Amino acid sequence: MIEVDLHLHTTFSDGTLTPTELVNLCASKGLKVIAISDHDSTEGLPEAMAAAEAHPGLTIIPAIELSTDVPGSEIHMLGYFVDTADQGFQNTLEEFRKGRHNRGELMVEKLNNLGLNISWERVQEISDGGAIGRPHIAQALVEAGYIEFPKQAFDQYIGRNGPAYVERPKLTPQDAVGLLVKNGALPVMAHPTYSQAKSDRDGVAGLLETLQNLRDYGLVGMEVFYGDYTSDQVDYLKEIADELDIVPCGGSDYHASGNPGEPQPGTVGPPMWTVERLRTVRSEISVGRSLS
Ligand code: AMP
Ligand code: ZN
Ligand code: FE
Ligand code: FE
């Protein structure tokens with residue numbers, strides 16, 4: 001029985017369910033602890049917390065997902081128990097969202113030059129005020145009939161090596177861990193290895209060394225029980241997490257994306273013990289902070 005899902009997106013980034021719809025869905029699947037982890041935004045959290053009041057058995061961990069670049073690839077960093085009142089952090093997130101906006105517009109321009117007629121206005125409407133991401137562009141391409149599913153947009157046009165891909169302002173994984181540590185959030189590496197569902201993404205090169213390095217900056221865990229990972233992938237990551245003594249986390253990374261075979265909330269996630277361990281690490285860190 002899956003009780004925990006620590007990776008979920010809403011309309012405040014590139015998910016298609018509102019926080020209320022997502023919380024209700026998670027409750028109906030019997031989940032007990034969920035983390036709402038929108039890209040570069042914590043703005044969906046108040047609505048999610050309010051919706052959770054109708055479900056006394058469900059706890060929400062406030063979270064965030066940051067995207068970082070490494071040569072030829074990306075690493076995403078989750079932050080758990082994020083302090084949403086941290087104004088400096090919120091200003092940084094706003095900058096990231098502006099970067100997403102500019103980059104989205106450039107990608108639409110590139111698509112137009114390739115003869116794919118979608119409008120930037122429509123992409124903004126689809127994003128509905130949320131942090132703009134490639135899935136919004138993919139959705140516009142689906143609507144216009146160029147592709148059948150959003151995933152095809154990544155395979156053909158806006159994946160890292162696609163003809164309409166545009167980079168975002170660079171952030172390193174160390175920068176992201178630093179931002180989260182400064183906020184008081186617990187940094188956890190997202191989807192560390194290849195995922196079938198997100199085909200433009202490879203595994204992190206030199207995973208062990210990268211994790212060791214990031215642990216020095218304050219990384220506390222990585223995703224192990226993730227999305228569509230096979231049991232071989234989970235076993236491989238579990239071993240590394242054990243070896244480095246970092247917390248094995250995970251979740252569905254559900255976006256209600258409209259892609260066939262998308263992992264659903266309630267079908268994948270870490271054990272409750274993971275949440276207990278995160279809480280322990282969190283209290284140790286706050287004791288450390290108050291002593292220093
Ligand atoms: P962005 O934040 O604009 O770089 O877009 C990244 C988001 O696009 C991820 O969080 C996923 O939601 C989605 N995504 C990335 N790669 C794929 C893929 N190959 N197929 C479908 N969705 C993807
Ligand atoms: Zn996403
Ligand atoms: Fe991600
Ligand atoms: Fe995600």
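Order of appearance sets the numbers: ligands from 1, and atoms from 1 within every ligand. Worth saying up front: this structure is predicted, and the values here are computed from it rather than measured.
Below 30°, between 30° and 60°, or above 60°: for His39 and His9 the angle between ring planes is below 30°, a parallel geometry.
Considering backbone and side-chain atoms together, Asp155 places no N or O closer than 3.5 Å to any N or O of ligand 1. Backbone and side-chain nitrogen or oxygen atoms of His255 are examined, and one is located within less than 3.5 angstrom of a nitrogen or oxygen of ligand 1. Between Glu74 and ligand 1, no pair of N/O atoms sits closer than 3.5 Å.
Counted by atom type alone, Asp14 and Gln139 present zero donor-acceptor pairs between their side chains at under 3.5 Å.
Per-residue contacts place Pro135 under 4.0 angstrom from the following atoms of ligand 1 (heavy atoms of the residue considered): 5 (O), 7 (C), 8 (O), 12 (O), 13 (C). If you number the atoms of ligand 1 from 1 as listed, the ones under 4.0 Å from a heavy atom of His39 come out as 10 (O). Taking a cut-off of under 4.0 Å to the non-hydrogen atoms of Gly133, the atoms of ligand 1 that pass are 3 (O). Set against the non-hydrogen atoms of Asp14, the atoms of ligand 1 under 4.0 Å away are 7 (C), 10 (O), 12 (O).
Residues in residues 85-131 take part in these ring pair (Phe, Tyr, Trp, His ring centres under 6.0 Å) pairs, two or more places apart or across chains: His101-Trp120. Within the structure, ring pair (Phe, Tyr, Trp, His ring centres under 6.0 Å) pairs that include any residue of residues 51-74 do not occur (at least two apart or interchain).
For the Fe ion (ligand 4), protein N, O or S atoms under 2.8 Å: 4 in total.
The heavy atom nearest to atom 2 (O) of ligand 1, considering only Glu65, Gln152, Arg100, is found in Arg100.
The existence of a salt bridge linking Asp69 and Arg160 is confirmed by a sub-4.0 Å separation between a basic side-chain nitrogen and an acidic carboxylate oxygen. A salt bridge links Arg277 with Asp245: the distance from a Lys NZ or Arg NE/NH1/NH2 to an Asp or Glu carboxylate oxygen falls below 4.0 Å.
Few gaps surround NZ on Lys110; more than 12 heavy atoms of other groups in view lie less than 6.0 Å from it. Residue Gln212 qualifies as enclosed at atom CD: its count of foreign heavy atoms under 6.0 Å is above 12.
If you look at Arg103 next to ligand 1, the close heavy atoms, those under 4.0 Å, all belong to the side chain.
Residue-level check: among N/O/S atoms of Asp14, OD2 sits closest to the Zn ion (ligand 2).
In this structure, Pro187 and Val181 approach most closely via the heavy-atom pair CG-CG2, 3.9 Å.
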**Study point:** Derivation and outcome, side-chain hydrogen bond (donor to acceptor under 3.5 Å, both in side chains), residues Thr42 and Gln90
**Key:** CA-CA 8 Å; Thr42 63; Gln90 290 296 349; 2.9 Å; yes
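For Glu276, there are no salt bridge (Lys or Arg N to Asp or Glu O under 4.0 Å) partners, not counting sequence neighbours.
For the Zn ion (ligand 2), the set of nearby N, O or S atoms under 2.8 Å includes none belonging to Glu65. Among the atoms of His39, an N, O or S atom is found under 2.8 Å from the Zn ion (ligand 2).
Here the options are Lys98, Arg168, Arg100, the test is salt bridge (Lys or Arg N to Asp or Glu O under 4.0 Å), and the partner is Asp40; only Arg100 passes.
Remark: distances from the non-hydrogen atoms of Arg168 to ligand 1 include one below 4.0 Å.
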